Amino acid sequence: SKEKILDTLEKVNTKLKEIFPTIFPGGEAKLILTDNNPLVAGLDLNIKIPGKNIRHLNMLSGGEKALCVIAILISFYLVKPGPFCILDEVDASLDEKNSIQFIKLLQLIKKNSQIIIITHNPNIMKEVDTLLGVTMEEKGISKIFTIKLDQLVKEHQSYQNLIK
Amino acid sequence: SKEKILDTLEKVNTKLKEIFPTIFPGGEAKLILTDNNPLVAGLDLNIKIPGKNIRHLNMLSGGEKALCVIAILISFYLVKPGPFCILDEVDASLDEKNSIQFIKLLQLIKKNSQIIIITHNPNIMKEVDTLLGVTMEEKGISKIFTIKLDQLVKEHQSYQNLIK
Amino acid sequence: MFIKRLEIYGFKSFPYKVNIPFSPGITAIVGPNGSGKSNILDAIRWILGEQSPKRLRVKELSDLIFAGNIQKKIDFAEVKLIINHDPPVWEKFKDFPEIIITRRFYRNGEGEFFINQKPCRLKDIQFLFLDLGVNPQSYGIIEQGEVSKFLEISPKERKIFLEDLA
Amino acid sequence: MFIKRLEIYGFKSFPYKVNIPFSPGITAIVGPNGSGKSNILDAIRWILGEQSPKRLRVKELSDLIFAGNIQKKIDFAEVKLIINHDPPVWEKFKDFPEIIITRRFYRNGEGEFFINQKPCRLKDIQFLFLDLGVNPQSYGIIEQGEVSKFLEISPKERKIFLEDLA
Ligand SMILES: Nc1ncnc2c1ncn2[C@@H]1O[C@H](COP(=O)(O)OP(=O)(O)OP(=O)(O)O)[C@@H](O)[C@H]1O
Ligand SMILES: Nc1ncnc2c1ncn2[C@@H]1O[C@H](COP(=O)(O)OP(=O)(O)OP(=O)(O)O)[C@@H](O)[C@H]1O
Ligand SMILES: [Mg+2]
Ligand SMILES: [Mg+2]
């Protein structure tokens with residue numbers, strides 16, 4: 001119904017106002033309907049990042065696009081926590097600082113939603129509750145094992161700094 | 001001309017036979033023409049990875065696809081070294097072991113071709129000849145500076161293990 | 001409500017039954033390239049009702065069944081989703097502290113669906129999750145390489161996510 | 001032959017002239033998200049003759065000119081590619097140990113091209129690199145997010161890369 005969509009949109013934008021500046025300091029993002037009638041309208045995203053003149057979303061860098069989507073996703077989950085959230089290497093294009101910020105945002109929604117994340121990023125691995133390893137020791141056959149952080153560090157050189 | 005295409009294809013496949021197994025142990029890859037007449041044919045890729053039954057390329061994982069393309073690229077450059085090769089975050093989906101293998105393959109072609117690579121991966125940064133930093137200290141304005149590895153390590157916690 | 005564990009047998013690169021435990025908080029799945037991580041997400045989307053071969057990264061649905069080389073013949077693919085249902089969310093299943101959803105697919109193309117061991121239709125599973133705004137394409141499930149999709153689709157398509165939320 | 005340096009002025013996020021030195025071996029470009037790394041690759045592809053706004057990630061070519069907020073008015077975008085040409089590769093320029101290729105674009109839509117300060121046409125620059133099998137779309141230039149493109153395009157399109165090589 002019309003009122004429901006408008007009400008939900010308002011709530012999401014309130015959260016987005018809070019979340020977006022934690023990723024883009026001084027930035028603003030707003031979801032807007034492309035038509036007065038919410039039933040036929042589309043949904044657009046308006047962004048402001050200080051010093052940047054974003055005329056259309058394609059001007060954003062690879063990492064900036066991923067960060068915008070993450071900010072919207074978190075805002076949606078803060079408005080209505082779905083039972084679970086499953087993310088497959090959404091952090092692949094993020095730099096170190098933004099991947100640390102990303103896992104902090106996930107902590108905001110983990111109270112009400114289960115999160116499953118697939119990643120190669122050590123900065124993310126060290127902040128999660130459970131680590132699941134997948135291997136193909138036998139060629140072509142996947143096996144699962146639960147791993148402790150210190151075991152992971154032993155196996156990979158670039159995880160040395162995982163030890164807190 | 002026909003002979004030229006066939007001859008080049010043969011050379012590339014010889015190199016691919018050598019390169020592909022360094023990424024997929026025991027694997028084989030071959031580029032084949034889809035028609036007897038090289039002038040109208042397309043180019044297909046046949047791969048074998050032990051224990052895996054690859055019926056079509058879409059079954060490959062995100063990282064496996066990137067690794068196949070890298071193997072083909074290196075084979076091309078070994079057959080005919082172009083003046084330069086510019087790669088923008090092609091390592092984003094690679095795990096630690098494969099990103100180290102990737103930079104080793106780049107070393108194979110750097111004698112005859114200049115390589116410029118954009119990356120967030122510390123395993124790659126520590127093996128290159130020159131590091132160029134790009135920053136936006138002033139909002140919206142890109143500046144360039146050359147960096148030394150030890151300076152980079154100071155700024156980023158996950159680069160601690162860069163020090164050889 | 002959360003996923004307690006997932007059991008996979010004969011689906012993609014899992015010829016032997018595996019049991020995958022999840023935490024109610026944040027679980028990270030890690031491992032080398034090509035080891036089978038995204039196949040686990042495919043298994044979850046499949047049990048939530050995904051029917052498109054392209055979105056499951058196969059040519060035909062029969063490619064979902066393990067196709068590698070082992071002695072044993074694998075005749076079907078099966079995925080079980082074990083959900084914690086305490087406190088209850090679905091009125092219909094309020095007496096079940098745990099709910100097991102099963103999907104099976106045979107080489108001859110037939111599929112079977114079960115909720116708590118009772119045969120049902122795919123629609124029943126899809127309706128169950130629809131109440132919660134969960135479906136294989138919902139905004140909370142992002143496939144590998146698709147993170148920027150939300151920005152690249154049309155405004156009309158984007159609005160569907162807002163409607164899911166409302 | 002290799003790229004000694006690149007000079008960028010007024011192009012995308014570079015309002016002030018910057019000089020970017022490259023090594024003849026391997027140069028890594030690093031920096032935070034959105035800092036301007038891919039813009040450098042866009043500058044190189046633009047000077048090699050790229051004409052498609054979509055492939056330069058803009059709506060219209062005028063978006064290539066710096067559009068941020070600074071006092072100074074930026075009227076044009078200019079990129080210079082300084083190439084080491086010792087030993088010589090191009091017969092025509094065998095007496096030049098260094099070759100400077102310049103491309104400029106004004107807000108009114110006009111473009112200017114120079115090779116060693118002499119005006120030329122875009123075609124002249126494109127032909128120069130064609131001899132070497134280099135063009136904005138060659139197999140040796142892979143844009144962000146496009147690494148799997150070679151596997152996903154049609155066999156006919158893939159063959160073009162083999163022809164470039166032959
Ligand atoms: N029906 C099948 N039978 C056997 N193996 C299969 C089947 N379908 C897919 N596979 C294999 O699964 C592998 C891909 O797994 P997946 O995409 O889950 O990897 P991943 O762990 O996500 O890797 P990455 O980190 O590179 O994304 C492929 O190598 C493919 O051969
Ligand atoms: N004409 C222009 N004027 C000013 N800024 C521009 C212009 N065109 C693009 N930009 C800015 O450049 C930035 C993107 O830069 P770029 O894509 O090079 O980032 P990047 O360093 O590659 O980041 P990532 O690591 O996320 O890929 C955007 O924030 C965009 O606003
Ligand atoms: Mg994957
Ligand atoms: Mg980039």
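Bear in mind the structure is a predicted one, so any value in this text is a computation, not a measurement.
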* Asked: After noting the C-alpha distance and the side-chain angles of Arg158(D) and Asp44(B), does the key distance pass the salt bridge (Lys or Arg N to Asp or Glu O under 4.0 Å) rule?
  -> CA-CA 8 Å; Arg158(D) 226 180 268 149; Asp44(B) 256 336; 3.3 Å; yes

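Contact annotation for Ser113(B): only backbone heavy atoms (N, CA, C, O) come within less than 4.5 Å of a heavy atom of chain D. Looking at Pro32(D), the atoms closer than 4.5 Å to chain B (heavy atoms on both sides) sit in the backbone and in the side chain alike. The contact between Ile44(D) and chain B is made entirely by side chain atoms (from C-beta outward), counting heavy-atom distances below 4.5 Å. Proximity to chain B (any heavy atom under 4.5 Å) is restricted, for Val134(D), to the side chain, taken from C-beta onward. Of the two parts of Ala92(B), neither the backbone nor the side chain holds a non-hydrogen atom closer than 4.5 Å to a non-hydrogen atom of chain D. For a residue to count as touching a neighbouring chain, one of its non-hydrogen atoms must lie under 4.5 Å from one of that chain's; by this rule Gln144(D) touches chain B with backbone and side chain alike. Contact of Ile8(D) with chain B is not made at all, since no heavy-atom distance falls under 4.5 Å. Looking at Ile160(D), neither its backbone nor its side chain comes within 4.5 Å of chain B, counting heavy atoms on both sides. For a residue to count as touching a neighbouring chain, one of its non-hydrogen atoms must lie under 4.5 Å from one of that chain's; by this rule Glu146(D) does not touch chain B. For Thr34(B), the part lying near chain D is the side chain, with the backbone staying farther off; criterion is any non-hydrogen pair under 4.5 Å.
To the nearest 0.5 Å, atoms CD (Gln117(D)) and OG1 (Thr102(D)) are separated by 6.0 Å. Note: Thr27(D) OG1 to Ile20(D) CD1 = 11.0 Å, rounded to the nearest 0.5 Å.
Heavy-atom pairs under 4.5 Å with chain B peak, among Asn39(D), Ile142(D), Leu162(D), at Ile142(D). Chain D forms the most heavy-atom pairs under 4.5 Å with one residue out of Lys65(B), Gln107(B), Lys143(B), Lys111(B), and that residue is Lys65(B). Contacts with chain D were tallied for Thr119(B), Ile117(B), Leu33(B), Asp88(B); Asp88(B) has the most, counting heavy-atom pairs under 4.5 Å.
Classification of the Tyr139(D)-Phe161(D) ring pair by plane angle, with boundaries at 30° and 60°, yields perpendicular.
Asn69(D) and Lys139(B) share no side-chain donor-acceptor pair at under 3.5 Å.
For the pair Ser99(B) (side chain) and Leu94(B) (backbone), a donor-acceptor distance under 3.5 Å is absent.
Residues Phe129(D) and Trp90(D) bring their aromatic ring centres within 6.0 Å.
Of all heavy-atom pairs spanning Leu39(B) and Lys159(D), the tightest one is O-NZ, 2.9 Å.
A salt bridge is absent between Lys104(B) and Glu127(B); no separation between the charged side-chain nitrogens and carboxylate oxygens falls under 4.0 Å.
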